[in-house]
J.: 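Would you mind keeping the following structure in view while I ask a few things?
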Amino acid sequence: QVQLVESGGGLVQAGGSLRLSCAASGSIFSINAMGWYRQAPGKQRELVADITRGGSTNYADSVKGRFTISRDNAKKSVYLQMNSLKPEDTAVYYCAAGIRKKSYGPENNYWGQGTQVTVSS
């Protein structure tokens, strides 16, 4: 069984910062790409940022220059440092990862349960 557990969400004023963390646990052989998605009320889930095992990153235009994604492969963890937060960043943030449970098995996508980020104006 594989689990992704997020932490670090909360309520912050506009202009403030938060750091999200996500740790994978369970029967894991390898983790490929990891990423953060978000879903605001009434909107579709969207990619915020992702990072390859080698450290290459990709960001949504709306967060470039404000958010930084990083990972610690030894800890099976991914992080999202969010600075200069805006009210429009308010959403549930989800961690996702491409995980292979066995060396000869397929890679499947796993999701965390989500953590709420609320930015007040």
J.: I need the Ser62 OG to Glu88 CD distance, nearest 0.5 Å.
T.: 8.5 Å
J.: With distance as the sole test, does Thr57 use its side chain to make a donor-acceptor pair with the main-chain N or O of Ile51 at under 3.5 Å?
T.: no
J.: What orientation do Trp111 and Tyr94 show, parallel under 30°, tilted 30 to 60°, or perpendicular over 60°?
T.: perpendicular
J.: Please check: side-chain N/O of Arg19 versus main-chain N/O of Gln81, any donor-acceptor pairing under 3.5 Å?
T.: no
J.: Would you say Arg100's side chain and Asn32's backbone share a donor-acceptor pair under 3.5 angstrom?
T.: no
J.: May I ask you to test the Leu47-Asn58 pair for a side-chain heavy-atom distance under 4.5 Å?
T.: yes
J.: Return yes if some donor-acceptor pair links the side-chain N/O of Gln39 with the main-chain N/O of Ala91 below 3.5 Å, else return no.
T.: no
J.: Over all heavy atoms of both residues, which pair between Tyr110 and Asn108 is shortest? Give the atoms and the distance, please.
T.: CD1-O, 3.4 Å
J.: Quick one: closest heavy-atom pair of Ala24 and Leu4, and the distance?
T.: CB-CD2, 3.3 Å
J.: Roughly how far, to the nearest 0.5 Å, is the OH atom of Tyr37 from the CG atom of Leu80?
T.: 13.0 Å
J.: Which heavy atom in Gln113 sits nearest to a heavy atom in Val5, and how many Å separate them?
T.: OE1-CA, 3.9 Å
J.: Testing the basics here: between Leu85 and Val12, what is the closest heavy-atom pair and its distance to 0.1 Å?
T.: CD1-CG1, 3.6 Å
J.: Keeping the roles fixed (side chain from Asp50, backbone from Ala33), state whether a donor-acceptor pair exists under 3.5 Å.
T.: no
J.: Could you state the interatomic distance from OG1 (Thr90) to CD (Gln116), rounded to the nearest 0.5 Å?
T.: 7.0 Å
J.: Are Val92 and Ile69 co-members of a hydrophobic cluster defined by side-chain heavy atoms under 4.5 Å apart?
T.: no
J.: Output yes when a side-chain donor or acceptor of Glu46 lies under 3.5 Å from a complementary backbone atom of Arg38, and no otherwise.
T.: no
J.: Is there side-chain contact between Thr68 and Tyr79, with at least one heavy-atom pair below 4.5 Å?
T.: no
J.: Should the pair Lys86-Asp89 be classified as a salt bridge under the 4.0 Å nitrogen-to-oxygen rule?
T.: no
J.: For residues Gly9 and Val117, report the shortest heavy-atom separation together with the two atoms involved.
T.: CA-CG2, 4.2 Å
J.: Report the distance from atom CD1 of Ile28 to atom CD of Gln1, rounding to the nearest 0.5 Å.
T.: 11.0 Å
J.: Answer whether the closest heavy-atom distance between the side chains of Asn73 and Ile31 falls below 4.5 Å.
T.: no
J.: As an exercise, state the distance from NZ of Lys75 to OG of Ser25, rounded to the nearest 0.5 Å.
T.: 15.0 Å
J.: What's the shortest heavy-atom distance between Asn83 and Ser17, and which atoms?
T.: OD1-OG, 2.9 Å
J.: Within the 4.5 Å heavy-atom criterion, are Leu20 and Glu6 side-chain neighbours or not?
T.: no
J.: Within the 4.5 Å heavy-atom criterion, are Trp36 and Met82 side-chain neighbours or not?
T.: no
